[in-house]
Number of protein chains: 2
Amino acid sequence: MNYTNDANQLREFIRLLERKFGILEKSEVSCCGVTFSQCHAIVEIGRAKNISLNELAETLGLDNSTMSRTVNNLVTNGMAEREIDPADRRYVTIKLTESGHKIFEGIETAMNLYFKRVYNNIPDDKKEQVIESLYILLEAIGRNECCK
Amino acid sequence: MNYTNDANQLREFIRLLERKFGILEKSEVSCCGVTFSQCHAIVEIGRAKNISLNELAETLGLDNSTMSRTVNNLVTNGMAEREIDPADRRYVTIKLTESGHKIFEGIETAMNLYFKRVYNNIPDDKKEQVIESLYILLEAIGRNECCK
DNA sequence: TAAAATACTTGCATTTTGCAACTATTTTGT
DNA sequence: ACAAAATAGTTGCAAAATGCAAGTATTTTA
């Protein structure tokens with residue numbers, strides 16, 4: 001087995017995956033009336049129920065300043081609200097408003113439907129293998145990061 | 001087997017993958033002295049040897065105008081050159097300069113090394129399965145797109 | 001209790017992006 | 001053959017996304 005070539009194959013497939021999901025994301029955003037970065041933020045806030053700016057920025061891999069502005073847009077557009085954490089007044093707790101939550105649910109529904117479809121397109125006898133493989137891949141990536 | 005939950009698992013893993021590669025891309029860009037979009041363009045031009053603006057934009061999923069500007073930046077910085085196709089003067093043939101090619105090779109080397117490492121982190125008896133699974137996944141995604 | 005650390009925000013500059021309108025060239029339909 | 005349609009690319013514009021540096025406010029630490 002030629003390791004280098006298989007590693008290239010890995011790169012190539014991941015490249016294609018990235019491209020597919022780039023396209024998916026674009027269509028996703030356009031259908032929900034929110035911008036790209038707003039969409040990401042809404043999903044993460046919605047998942048966490050409430051989250052600090054710091055954590056949110058960390059999760060999305062963005063600078064705090066960028067994150068702060070995106071949250072600001074959400075707040076301005078009535079999709080999220082900020083609240084100072086009484087336990088530690090440096091922290092801001094961010095959560096979705098009702099309106100924001102509806103958008104969140106819309107995105108979730110669409111995404112879940114999409115992935116359900118993709119999943120069902122995988123042959124039955126390969127479904128488990130694909131899921132397992134993604135997990136293995138994530139592990140392999142993680143192991144790479146920790147010791148570079 | 002609960003299909004919906006496994007589909008969610010699929011979504012979750014892909015979400016994590018996307019995040020990992022977002023980070024990878026950021027570090028990649030910062031080390032090569034080119035911007036994000038320039039990096040993408042360089043890689044695609046380098047792979048194709050020469051390519052039309054149209055094709056390049058199509059490949060990267062960008063508007064022609066955006067692509068034109070990015071190419072413009074590359075040309076201005078001496079990394080690429082434009083040439084009108086004599087066979088059909090509407091087309092512009094884009095190729096890397098020597099300087100651009102060096103950057104391309106730098107990116108390729110780094111990326112190949114990265115993926116080789118990741119690949120080698122996959123247990124031997126799972127390597128083949130992971131590659132196959134990615135292919136299956138891509139197929140499943142493709143089958144989804146054609147009929148929505 | 002002063003200094004350091006932390007969470008967040010704002011000023012600024014840059015990058016990335018797409019739409020619409022434009023030019024230049026080639027293809028098509030009559 | 002030639003006017004109309006299609007195609008490839010560019011540019012004006014406006015908006016979104018981003019990070020760094022410098023700021024405020026609060027809490028922790030020494």
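Throughout, a chain's letter reflects where its sequence line sits, starting with A, and its residues are numbered from 1. In what follows, every heavy atom counts, from backbone to side chain, and hydrogens, waters and symmetry copies are set aside.
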| Whether over 12 other heavy atoms sit under 6.0 Å from B:Glu105 CD | yes
| field | Separation of D:dA16 C1' from A:Glu25 CD (nearest whole Å) | value | 15 Å
| said: I need the residues from residues 78-96 of chain A with at least one non-hydrogen atom less than 4.0 Å from DNA chain D; give them sorted by number, or say none. | reply: A:Asp88, A:Arg89, A:Arg90
| said: Just the rounded figure in Å: distance from P of D:dA17 to CG of A:Leu56. | reply: 14 Å
| Gap separating the CG atom of A:Asn112 from the CG atom of B:Asn8, nearest 0.5 angstrom | 4.5 Å
| query | Quick one: A:Ile42 CD1 to D:dA16 C1', roughly how many Å, whole number? | reply | 15 Å
| request: Classify the ring geometry between B:Phe115 and B:Phe21 as parallel (under 30°), tilted (30 to 60°) or perpendicular (over 60°). | output: parallel
| No-hydrogen, no-angle side-chain donor-acceptor test under 3.5 Å, B:Ser65 and B:Asp63 | yes
| message | Are the side chains of B:Gln38 and B:Asn77 in contact, using a 4.5 Å heavy-atom criterion? | response | yes
| field | Distance, rounded to the nearest Å, where B:Ile23 contributes CD1 and D:dT18 contributes C1' | value | 16 Å
| field | Distance, nearest 0.5 Å, that separates CZ of A:Arg82 from CG of A:Leu74 | value | 9.0 Å
| field | Interatomic distance, B:Asn73 CG vs C:dT17 C1' [rounded to whole Å] | value | 13 Å
| So, is A:Lys26 near the phosphate of C:dT17, with a side-chain N or O under 4.0 Å from OP1 or OP2? | no
| Check against side-chain contact (heavy atoms from CB on, under 4.5 Å), A:Ile14 and A:Leu137 | CA-CA 11 Å; A:Ile14 284 173; A:Leu137 181 57; 4.1 Å; yes
| Presence of B:Thr35 side-chain N/O under 4.0 Å of C:dT14 phosphate oxygens OP1/OP2 | no
| Tell me: CG of A:Leu53 to P of D:dT26, nearest whole Å? | 16 Å
| said: Please report the distance, rounded to the nearest Å, between CD in B:Gln38 and P in C:dT14. | reply: 14 Å
| field | Interatomic distance, B:Ile51 CD1 vs D:dA8 C1' [rounded to whole Å] | value | 14 Å
| request: Apply the test side-chain contact (heavy atoms from CB on, under 4.5 Å) to residues B:Glu81 and B:Thr93: give CA-CA distance (whole Å), side-chain angles for both, the deciding distance (0.1 Å), then the verdict. | output: CA-CA 8 Å; B:Glu81 50 195 10; B:Thr93 302; over 6 Å; no
| Considering only heavy atoms, which members of residues 58-72 of chain A lie under 4.0 Å from some atom of DNA chain C? | A:Asn64, A:Ser65, A:Ser68, A:Arg69
| said: Is it the case that the side chains of B:Gln129 and A:Ser133 hold a donor-acceptor pair, with the cut-off being a distance below 3.5 Å and no angle test? | reply: yes
